[in-house]
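Worksheet: the structure to be examined is printed underneath.
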Amino acid sequence: MPLRTARAQAPIKLVAFGDSLTAGYGLGPREGFAPRLEAALKSRGHNVSVANAGVSGDTASGGADRLDWSVPDGTDGVIVELGANDMLRGVDPKVTRAAITRILDRLAARKIPAMLAGMRASPNLGADYVRRFESIYPDLATERGLVLYPFFLDGVVGNRSLNLPDGLHPTAKGVDVVVENITPTVEKFLAQIAARRS
């Protein structure tokens, strides 16, 4: 088989790199974001694997510190989903921005494409905090030409039937809503990766 054909048929290896929202907090092993996204993409004809590199409680700075051992060599793309814990703890958005920038810089140095999954801030943190925090994701995506999914919990946040009793983490049904909503954006990311391969 020609090398190019073999490469075209090799599965695209994604890593979902984030916090408890990625890790599947409170859910069964096949109910979390990574396995459900992989199943959704495969059902749409994509030859892809999605590894779960979510760590519950992780901040963007914590993610930056563990990036190299969480994202193995041979990874074709990384979905970066971090910042929710920074927001919940009231971390200065400058710190969060710097940490996500460090993650993106390191992935770029390793020649691994990234897409960003954004987060929104609670209004009770004040208008200035909300503005500075929520601008992190579109700013970095625009600066670097990255695929952006603006709000990871779109369609789930505030819906009690789709969240665990803590009101912060999606149920299995909530994860399915997240996956349904984000899948078209991930497909754009897959197209970007495929274009780099060819």
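Remember, it's a predicted structure, so these values are computed and weren't measured experimentally. When reading the values below, keep in mind they use all heavy atoms of this one structure, side chains included, and skip hydrogens, waters and symmetry mates. Numbering starts at 1 and runs along the sequence shown.
At least one donor-acceptor pair under 3.5 Å links the side chain of Asp166 to the backbone N or O of His169. In terms of modelled atom types and a separation under 3.5 Å, the side chain of Asn85 and the main chain of Asp58 share a donor-acceptor contact.
A salt bridge links Asp128 with Arg131: the distance from a Lys NZ or Arg NE/NH1/NH2 to an Asp or Glu carboxylate oxygen falls below 4.0 Å.
The residue from Val178, Val157, Val156 that alone fulfils the side-chain contact (heavy atoms from CB on, under 4.5 Å) condition with Leu162 is Val156. Among Asn52, Thr22, Leu107, Leu82, the single residue meeting the side-chain contact (heavy atoms from CB on, under 4.5 Å) criterion with Phe17 is Leu82.
Of the inter-residue distances, the one linking Asn163 atom CG with Asn159 atom CG reads 7.0 Å to the nearest 0.5 angstrom.
Partners of Phe33 under the ring-ring contact (aromatic ring centres under 6.0 Å, His included) rule, at least two apart in sequence or in another chain, are Phe152.
Counting only heavy atoms from C-beta outward, the side chains of Arg97 and Asp139 approach each other to under 4.5 Å. When side chains are defined from C-beta on, Ile12 counts as touching Arg197, because their heavy atoms get closer than 4.5 Å. At least one side-chain heavy atom of Glu187 sits less than 4.5 Å from a side-chain heavy atom of Leu41.
Among residues at least two apart or in separate chains, side chain to side chain donor-acceptor pair (under 3.5 Å) pairs with a member in residues 107-122 are Asp68-Arg110, Asp73-Arg110, Ser122-Asn124.
Ring planes of Phe133 and Tyr129: parallel class, angle under 30° (limits at 30 and 60°).
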